[in-house]
Colleague: 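Below you will find the structure I want to go over with you.
All chains are named by letter (A, B, ...) in the order of the sequence lines, taking the proteins before the strands, and each is independently numbered beginning at 1.
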There are 2 protein chains.
Amino acid sequence: MRSTTSSSSGPRRPAATGADDLTTRARIRDAAIARFARDGFGASLRTIAADAGVSAGLVVHHFGSKDGLRAACDTYVFEAVRDAKTEAVSPENPDAGPMSLLAQLATIEDYAPVFEYTLRSLQAGGDLARSFVAHLTEVTQEYLAAGVAAGTIRPSRDEAARASYLVSLSLGSLLVDGVLRDRTEPRDPGADLREYVGRVMLPALEVFTEGLFVEPTLLDAYVQHTTHQEETP
Amino acid sequence: MRSTTSSSSGPRRPAATGADDLTTRARIRDAAIARFARDGFGASLRTIAADAGVSAGLVVHHFGSKDGLRAACDTYVFEAVRDAKTEAVSPENPDAGPMSLLAQLATIEDYAPVFEYTLRSLQAGGDLARSFVAHLTEVTQEYLAAGVAAGTIRPSRDEAARASYLVSLSLGSLLVDGVLRDRTEPRDPGADLREYVGRVMLPALEVFTEGLFVEPTLLDAYVQHTTHQEETP
DNA sequence: CAATAGGCTAAACAAGTGTTCAACGGGTGT
DNA sequence: ACACCCGTTGAACACTTGTTTAGCCTATTG
């Protein structure tokens, strides 16, 4: 029996867009990931089928429905990101913090569709986006904790809240930047990300090393305000 | 002649959802804004028409097409935000910076649909989002310049880049937070925003007053790196 | 070699979409 | 009073969507 319907255990190497020696099912899934990433999840089954060089009926034959295809793409992308994370974590690169994973992910050429799909999924919301953000928050918290222990990163009054906030900052900024990009001209995700980093790196480093306010008045007032509220409920 | 087709100069008071003494055209527009904000721009004309209590044909009769309706909503929301900005700018509130406009906008009950529509438009991209971000960046830059002049905000090596970055940070974080929210249960935008602020205020104030890195190593290295690149092209 | 199973396609289907069209009704103006 | 505009409706149209079904064609299997 060939690996015709291997839904549970996908292949290890993810989304090599040039390889056509894949299972038809895998080819459809890769085409769907690329098309979903480019046009959003409103892309039609017929377009995806045409991209994969198959008929529309075959897609639903393999995945049951469009939602099934979407679910298959989600789990595949999630596993790809999870696998890529472990080998991409290297804390000595000069990045503005928790988005180093994403940045390194996009540099790898093969992962470009996965990276785009992840951003598109974050834009659309849904379970993949939620679990992805949760996962990234967890990684970020560990990353920050290591920095705090090493004395390179300032401690926070609420480490979990800070990690969550930093993730939403980084991802949100990246998302806004991508959403505002003109979608008529042809896009190169690698170049886009590189331009984004070049445009954002200086203010990011400024804010994250020097801060924004010269005096801690606002922070002190807020901390005192909340602690007073806690003492007298 | 009544004000039946007043497209260029809309009414001053925007989007009072309870008032039913409006022009039918205005009623359709308000219903579209609310429905677009809640369900996204894929909402059908028939749904919007049903919300406004009219037929689907009347909508296109008034606005030409769905894109025309979308454009009318965009310009109306943009003008509403622009008008609300001038009277909502009060620099003494303890907010984390450039999103004070948005926050104050959402507190006003009548502006809730406008606020939601703006976020939805930012999520979907397009011209309204672009011009809105550009406008907000401009306001933010003036706000920051005033703070720098007053000595409350640190100067930046690139004020424009910092303003743009801070806007994308604030809006992006807000957008991610809204997108990740569970959309099955009924939502209250005011309560959502309040909860978001309560969850984010502490880490935001921390980062923006104390920074993240204890030593300016990364920033110094980057600045030196770029300046050296500029000297030897 | 014949049979059977399954990848695969083309056509059809039902539902939903934006849009058009003919008609109606109640005001307004002459 | 009559005509006329304009807001308004309901049905129809053309189209796209996801999905189903009948059948073909290849290849593995007995």
Colleague: dT9(D), dG7(D), dG7(C): which one has an atom nearest the side-chain heavy atoms of L58(A)?
Modeller: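 Looking only at heavy atoms from C-beta outward on L58(A), the closest nucleotide is dG7(C).
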Colleague: Describe, in one word, how the ring planes of Y117(A) and F36(A) are oriented to each other, choosing from parallel (under 30°), tilted (30 to 60°) and perpendicular (over 60°).
Modeller: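 Rings of Y117(A) and F36(A): tilted, as their planes differ by 30° to 60°.
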Colleague: Applying side chain to side chain contact (heavy atoms under 4.5 Å, CB included) between L122(A) and each of L174(A), V133(A), L128(A), report the one that passes.
Modeller: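 One option only clears the test, and that one is V133(A).
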Colleague: Could you tell me if S44(B) and T47(B) have a donor-acceptor pair between their side chains, going purely by distance under 3.5 Å?
Modeller: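 Judged by distance alone, the side chains do pair up.
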Colleague: Measure the distance from CG on L69(B) to C1' on dT19(C) and round it to the nearest whole Å.
Modeller: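 So the two atoms are 14 Å apart, to the nearest Å.
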Colleague: Rounding to a whole Å, what distance do you find between R35(B):CZ and dT17(C):P?
Modeller: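 In whole Å, dT17(C) P lies 12 Å from R35(B) CZ.
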Colleague: Using OP1 and OP2 only, check whether a side-chain N or O of S44(B) sits under 4.0 Å from dT17(C).
Modeller: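 Looking at the OP1 and OP2 atoms of dT17(C), one of them is under 4.0 Å from a side-chain N or O of S44(B).
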Colleague: Rounded to the nearest angstrom, tell me the gap between atom CZ in R27(A) and atom C1' in dG7(C).
Modeller: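 Atom CZ in R27(A) sits about 11 Å away from atom C1' in dG7(C).
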Colleague: Write down the distance between CZ (F41(B)) and P (dG18(C)), rounded to a whole number of angstrom.
Modeller: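 It is 14 Å, rounded to the nearest whole Å.
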Colleague: If you check the V54(A) side chain, which of dG7(C), dT19(D), dT9(C) turns out closest?
Modeller: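 Among the listed nucleotides, the one closest to the side chain of V54(A) is dT9(C).
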Colleague: Give the rounded distance in Å between these two atoms: CG of D67(B) and P of dT17(C).
Modeller: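 In whole Å, dT17(C) P and D67(B) CG are 16 Å from each other.
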Colleague: Has S55(B) got a side-chain N or O lying under 4.0 Å from the OP1 or OP2 atom of dT8(D)?
Modeller: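 Checking S55(B) against dT8(D): no side-chain N or O falls below 4.0 Å of OP1 or OP2.
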Colleague: Over all strands shown, is G53(A) touching base, sugar-phosphate only, or nothing at heavy-atom distances under 4.0 angstrom?
Modeller: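 G53(A): backbone/sugar contact only, no base atoms under 4.0 Å.
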Colleague: With respect to the side chain of R46(A), which nucleotide from dT9(D), dG18(D), dC8(C) is positioned closest?
Modeller: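 Output: dG18(D).
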Colleague: Just compare dC8(C), dT19(D), dT19(C) and give me whichever is closest to any side-chain atom of H62(A).
Modeller: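 Given the options dC8(C), dT19(D), dT19(C), the side chain of H62(A) is closest to dC8(C).
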Colleague: If you only use heavy atoms from C-beta on, which nucleotide in dG7(C), dT20(D), dG7(D) is closest to the side chain of H61(A)?
Modeller: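 Nearest listed nucleotide: dG7(C).
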Colleague: Output the single nucleotide from dG7(C), dT8(D), dG18(D) whose closest atom is nearest the side chain of T24(B).
Modeller: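 Of dG7(C), dT8(D), dG18(D), dT8(D) is nearest to the side chain of T24(B).
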Colleague: Rounded to whole angstrom units, what separation is found between the CZ atom of F63(B) and the C1' atom of dT8(D)?
Modeller: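 It works out to 15 Å between those atoms.
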Colleague: If you find the nucleotide of DNA chain C closest to K66(B) and the one closest to G57(A), which residue's nucleotide is nearer the 5' end?
Modeller: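 So the residue in question is G57(A).
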Colleague: Answer yes or no on whether R120(B) is positioned over the face of F41(B), meaning its NZ or CZ is under 6.0 Å from the six-membered ring centre and within 45° of the axis.
Modeller: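 No - R120(B) does not lie over the ring of F41(B) by the 6.0 Å and 45° rule.
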Colleague: Whole-Å distance between dT17(C) P and R70(B) CZ?
Modeller: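 Going from R70(B) (CZ) to dT17(C) (P), I get 18 Å.
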Colleague: Please find the pair of heavy atoms, one from V77(B) and one from I33(B), that lie closest to each other, and give the distance.
Modeller: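 Heavy-atom minimum between the residues: CG2-CD1, 3.8 Å.
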Colleague: S65(A) has a side chain; which of dG18(C), dT19(D), dT8(D) sits nearest to it?
Modeller: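 Nearest to the side chain of S65(A) among the choices is dT19(D).
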Colleague: Is A43(B) touching bases, backbone alone, or none of the nucleic acid, heavy atoms closer than 4.0 Å?
Modeller: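 Sugar-phosphate contact only.
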